[in-house]
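Side-chain atoms are counted along with the backbone in the values below, which use heavy atoms only and exclude waters and symmetry mates.
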Amino acid sequence: MIYRYAEIKDLDEIMGLYKEASLNEWCTWDDSYPDTGICKKDIETESLLCLEDNGTIIAAISFDSDDVVDNLELWNKKYRNKARELARLVVKDSYRNQGIAAKMILKAMTILKNRGYKAVHYLVSPDNLRAVNSYAKLGFTKAGECELYGHRWHAYEKDLYYIERSITGEFKRTLWNPFVE
């Protein structure tokens, strides 16, 4: 498996992953979100990371800059303008339950830390228990709840100072060793 930034040639494949995920009852996505415009912007800004297995994209995650989300009052003030949103995490249905979501989150956090960000945050639907559990295992702190874009969200954040501890400690065998290899 190979991590890489998405390219324009990947647009249809990534949009297919989003469409596949939108069919799940817990998913807040629909035909209008995420759209190709958002995906193109993520690609142009090297903010869309994908995981490829044997030439097929099996997962993707964005490091989003959304002023509405970034300026929510519930985020820790010490990270103002020093945090990035993790968004649009998707794993191909046939690859779920293999720890790929956690690997994508950790890889994205490592990239963002290397880019100088101090924290990450995200919104997740309380109905998406699989996502809520994935983030909880990684030690995110619940910052609160909000209503936004016509949905109710749980808001979580994490200081990136602790990213190495997350990778080398709790996830050493399952994530860190394969990541190093």
*Treating Ile, Leu, Val, Met, Phe, Trp and Tyr as nodes and any side-chain heavy-atom pair under 4.5 angstrom as an edge, say whether L106 and I61 lie in one connected cluster.*
yes

*Between R88 and D42, does at least one N-O distance fall below 4.0 Å, as a salt bridge requires?*
yes

*Does a side-chain heavy-atom distance below 4.5 Å link E157 with V120?*
no

*Going by atom types alone, do S32 and D30 pair a side-chain donor with an acceptor below 3.5 Å?*
yes

_One pair to check against side chain to side chain contact (heavy atoms under 4.5 Å, CB included): C50 and R4. What are the steps and the verdict?_
CA-CA 6 Å; C50 55; R4 65 176 178 81; 3.9 Å; yes

_Any side-chain heavy-atom pair of Y5 and L48 under 4.5 Å_ = no

*Between CZ of R96 and CD1 of I58, what distance do you get to the nearest 0.5 Å?*
12.0 Å

_Side chain proximity check, I38 to Y33, heavy atoms < 4.5 angstrom_ = yes

*asked:* Quick check: do C146 and H151 have side-chain heavy atoms less than 4.5 Å from each other?
replied: no

*Short side-chain to backbone donor-acceptor contact, D10 and A6, under 3.5 Å*: no

_Would you say D35 and Y18 are linked by a side-chain donor-acceptor pair, where the criterion is simply a distance under 3.5 Å?_
no

_Give me the atom names and distance for the closest heavy-atom approach of D53 to M1._
OD1-CG, 3.8 Å

*With the side chain counted from C-beta on, respond yes when T56 and E13 share a heavy-atom pair under 4.5 Å apart, and no when they do not.*
yes

*Which atom names give the shortest non-hydrogen contact between D64 and A87, and what distance separates them?*
CB-CB, 3.8 Å

*Are M15 and V91 connected in a single hydrophobic cluster, I mean Ile/Leu/Val/Met/Phe/Trp/Tyr linked by side-chain heavy atoms less than 4.5 Å apart?*
no

_Student check: side-chain heavy atoms of V124 and H154 closer than 4.5 Å_ = yes

*Is D31 salt-bridged to K19, going by a charged N under 4.0 Å from an acidic O?*
yes

*asked:* Rounded at 0.5 Å granularity, tell me how far CG in L17 sits from OG in S22.
replied: 11.0 Å

_Closer than 3.5 angstrom, by distance alone: can the side chain of E20 be matched with the main-chain N or O of D93 as a donor-acceptor pair?_
yes

*Could you tell me whether K77 and E73 make a salt bridge, using a distance below 4.0 angstrom between a side-chain N and a carboxylate O?*
yes

*Please say whether the positively charged group of K107, taken as NZ for Lys or CZ for Arg, lies over the ring of Y3, i.e. under 6.0 angstrom from the six-membered ring centre and within 45 degrees of the axis.*
yes

*Linking directly or through intermediates, with side-chain heavy atoms under 4.5 Å: list the remaining ILVMFWY members grouped with L123, chain and number order.*
V68, V69, L72, L74, W75, L148, Y149, W153

*CG-NZ distance between D159 and K113, expressed to the nearest 0.5 angstrom*: 8.5 Å

*With side chain to side chain contact (heavy atoms under 4.5 Å, CB included) as the test, would you mind laying out the steps for K40 and I8 before giving the verdict?*
CA-CA 7 Å; K40 283 180 182 177; I8 290 296; 4.2 Å; yes

*Does F63 offer a backbone N or O that forms a donor-acceptor pair with the side chain of R84 under 3.5 Å?*
yes

*Decide side chain to side chain contact (heavy atoms under 4.5 Å, CB included) for H121 and N76; before the verdict, give the C-alpha distance in whole Å, the side-chain angles of both, and the deciding distance to 0.1 Å.*
CA-CA 10 Å; H121 53 247; N76 189 321; over 6 Å; no

*Assert yes or no for the condition that the ring centre distance of Y122 to F140 is strictly below 6.0 Å.*
yes

_Exercise: identify the closest heavy-atom pair between C27 and A21_ = CB-O, 3.3 Å

*Hey, any chance V90 and L86 share a hydrophobic cluster, counting ILVMFWY side chains that come within less than 4.5 Å of each other, even indirectly?*
no

*What are the two closest non-hydrogen atoms of A108 and L49, and how far apart are they?*
N-CD2, 4.2 Å

*asked:* How close do E46 and R115 get, counting heavy atoms only, and between which atoms?
replied: O-NH2, 2.6 Å

*Is there a donor-acceptor contact under 3.5 Å from the side chain of S47 to the main chain of T45?*
yes

*L129: which other cluster members, linking ILVMFWY side chains closer than 4.5 Å, directly or transitively?*
none

*Counting only N and O atoms by type, is there a donor-acceptor contact under 3.5 Å from the side chain of N128 to the main-chain atoms of S125?*
no

_Test item: L51 and K103 side chains (from C-beta on) under 4.5 Å apart, heavy atoms_ = no

*Answer yes or no: is there an ion pair linking K82 with D70, defined by an N-O contact shorter than 4.0 Å?*
no

*Verify the cluster assignment for L160 and Y156: are they in a single hydrophobic cluster under the rule of side-chain heavy atoms below 4.5 Å apart?*
yes

*Would you indicate whether the side-chain heavy atoms of K41 and T36 approach each other to under 4.5 Å?*
no

_If hydrophobic clusters are built by linking Ile, Leu, Val, Met, Phe, Trp and Tyr wherever their side-chain heavy atoms come under 4.5 Å apart, do I105 and I111 end up in the same one?_
yes

